[in-house]
Amino acid sequence: MSKKNTGAGLRGQSAGQTAICTVGAAGNSLRYRGYAVDDLAENASFNEVAHLILKGHLPDADELAAYSARLRALRGLPAALKEVLERIPASAHPMDVLRTGCSFLGNLETEADFSRQQDVADRLLAAFPSMITYWYRYSHDGVRIEVETDDDGIGGHFLHLLRGEKPNALHARVMDVSLILYAEHEFNASTFTARVCASTLSDLHSCVTGAIGSLRGPLHGGANEMAMAMIEKYRSPEEARADVLRMLEAKEKIMGFGHAVYREKDPRNAIIREWSRKLAEDVGDTVLFPVSEVVEKTMWEEKKLFANADFYHASAYHFMGIPTGLFTPIFVMSRVTGWCAHVMEQRENNRIIRPGADYTGPDPRPVPPIDQR
Ligand SMILES: CC(=O)SCCNC(=O)CCNC(=O)[C@H](O)C(C)(C)COP(=O)(O)OP(=O)(O)OC[C@H]1O[C@@H](n2cnc3c(N)ncnc32)[C@H](O)[C@@H]1OP(=O)(O)O
Ligand SMILES: O=C([O-])CC(=O)C(=O)O
């Protein structure tokens with residue numbers, strides 16, 4: 001089913017070097033600085049993974065305690081940013097809110113020079129959950145929430161702000177695992193956007209703002225909410241199967257399936273599927289999870305297309321009561337680690353990214369006088 005590696009989409013071409021992550025280097029593996037994502041999802045917290053990606057190594061117990069305390073202390077939002085967030089209507093797309101929030105913070109806390117890049121990265125990591133929930137609760141419920149909590153994990157903190165109470169252990173852990181799975185993925189579209197921006201020696205807020213714009217699209221991070229929109233339409237697995245077959249016949253794209261790099265499976269899928277199964281049991285679901293399973297089975301049988309990281313995130317987030325519009329912003333809360341690490345890596349050995357293009361336009365010609373056009 002996969003297309004040949006033509007020049008389109010720069011597929012299969014190396015666009016630089018990285019020491020941060022390998023995607024599919026050994027079969028279907030995903031490794032952050034050499035550690036398999038499965039191993040990290042089983043044995044680490046997201047704060048540890050963020051430290052690994054941003055600082056280059058897994059923290060020891062003291063480093064982790066210090067890093068978690070540091071991130072907790074950076075959760076507050078400046079009054080001017082809260083004012084801006086309050087002016088964004090409830091009808092706005094939450095990804096646009098984060099894009100604006102990130103850009104605006106760049107006016108208040110400008111990265112004056114690159115010696116502060118680690119601080120800016122930590123600040124963005126700590127501030128995104130506050131930004132999105134502050135806007136969401138104000139625009140939807142009319143409340144101005146307190147954005148600082150004592151939750152250790154960023155995922156638990158996000159759920160706490162969204163719901164106004166601490167999440168249970170299951171939900172906090174699923175959020176943590178989800179953030180681990182989404183944290184980093186080599187030269188994907190949004191990270192590459194960040195690196196291109198970094199290569200002009202621009203500031204970190206600009207790089208991350210651009211990356212948010214790239215992640216927003218349905219072919220990239222936006223696929224998790226599109227997958228949700230599809231699966232929630234079905235009342236039974238039979239109905240789901242029939243509609244997927246119809247969509248494939250009509251050559252429609254099924255969001256949450258396929259990948260630009262993996263060819264047989266996405267190693268993150270089995271992990272998030274298992275957590276989604278646990279959540280389905282927890283809420284007593286008898287429709288959404290079986291529907292998801294039949295969509296996955298049908299896609300594989302019919303097209304040899306596999307579920308990517310986004311597909312079971314849809315049902316998992318839904319079972320935790322997270323509004324669909326906030327699915328992709330959660331991706332931002334996690335991938336900001338990868339984006340910032342790549343910006344720093346780009347800056348270490350920079351040359352402006354400026355590829356060539358194969359010209360397909362008209363031959364050289366003179367400009368005709370206006371009355372002869
Ligand atoms: C976290 C992430 O960002 S993961 C990706 C999230 N995105 C999605 O889930 C969106 C749906 N998937 C897609 O659009 C694609 O699979 C992408 C964008 C992820 C990868 O694109 P490509 O590398 O161009 O895909 P690939 O070369 O494997 O496609 C091969 C064929 O399969 C088809 N195909 C790929 N994915 C799908 C899909 N989800 N549904 C239906 N058909 C598909 C393509 O249309 C193509 O067919 P064609 O040759 O007739 O045009
Ligand atoms: O790598 C890609 O093309 C898409 C991506 O970011 C991911 O799968 O996490």
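Order of listing sets the numbers, starting from 1, for every ligand and every atom in it. Treat the numbers as computed from the prediction; the structure is a model and nothing was measured.
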- Query: To which protein heavy atom is atom 2 (C) of ligand 2 closest, and what is the distance rounded to 0.1 Å?
  - Reply: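 Going atom by atom, the protein heavy atom closest to atom 2 (C) of ligand 2 ends up being Asn188 CB, 3.4 Å.
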
- atom 7 (C) of ligand 2: the protein heavy-atom neighbour that sits closest, reported with distance to 0.1 Å: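 Of every protein heavy atom, His185 ND1, 3.2 Å lies nearest to atom 7 (C) of ligand 2.
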
- Query: Does Tyr262 share a hydrophobic cluster with Ile180, counting links as ILVMFWY side-chain heavy atoms below 4.5 Å and allowing steps through other members?
  - Reply: yes

- Task: Check whether any heavy atom of Lys303 sits under 4.0 Å from an atom of ligand 1.
- Result: no

Please check whether [X] reaches ligand 1 - meaning an N/O of the residue sits under 3.5 Å from an N/O of the ligand, judged on distance alone.
{"X": "Leu219", "answer": "yes"}
{"X": "Phe257", "answer": "yes"}
{"X": "Ile254", "answer": "yes"}
{"X": "Arg11", "answer": "yes"}

- Could you establish whether Arg268 and ligand 2 come within less than 4.0 Å of each other, counting only heavy atoms on the residue side?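 It does, in that a heavy atom of Arg268 comes within the 4.0 Å cut-off of ligand 2.
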
- Quick check, are the ring centers of His313 and Tyr182 under 6.0 angstrom apart? yes

- Can we call the ring centroids of Phe257 and Phe311 under 6.0 Å apart?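 Judged by ring-centre distance (under 6.0 Å), Phe257 and Phe311 do meet the cut-off.
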
- Task: Would you mind running through ligand 1 and noting each atom that sits below 4.0 Å from a heavy atom of Met255?
- Result: 9 (O), 10 (C), 11 (C)

- Residue portion contacting ligand 2 (non-hydrogen atoms closer than 4.0 Å) for Arg335: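 The part of Arg335 near ligand 2 is the side chain, not the backbone.
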
- Query: What is the minimum heavy-atom distance between Met175 and Ile330, and which atoms define it?
  - Reply: CE-CG2, 3.7 Å

- Item | Pairwise side-chain contact, Asp122 with Tyr67, heavy-atom cut-off 4.5 Å (strictly under) | yes

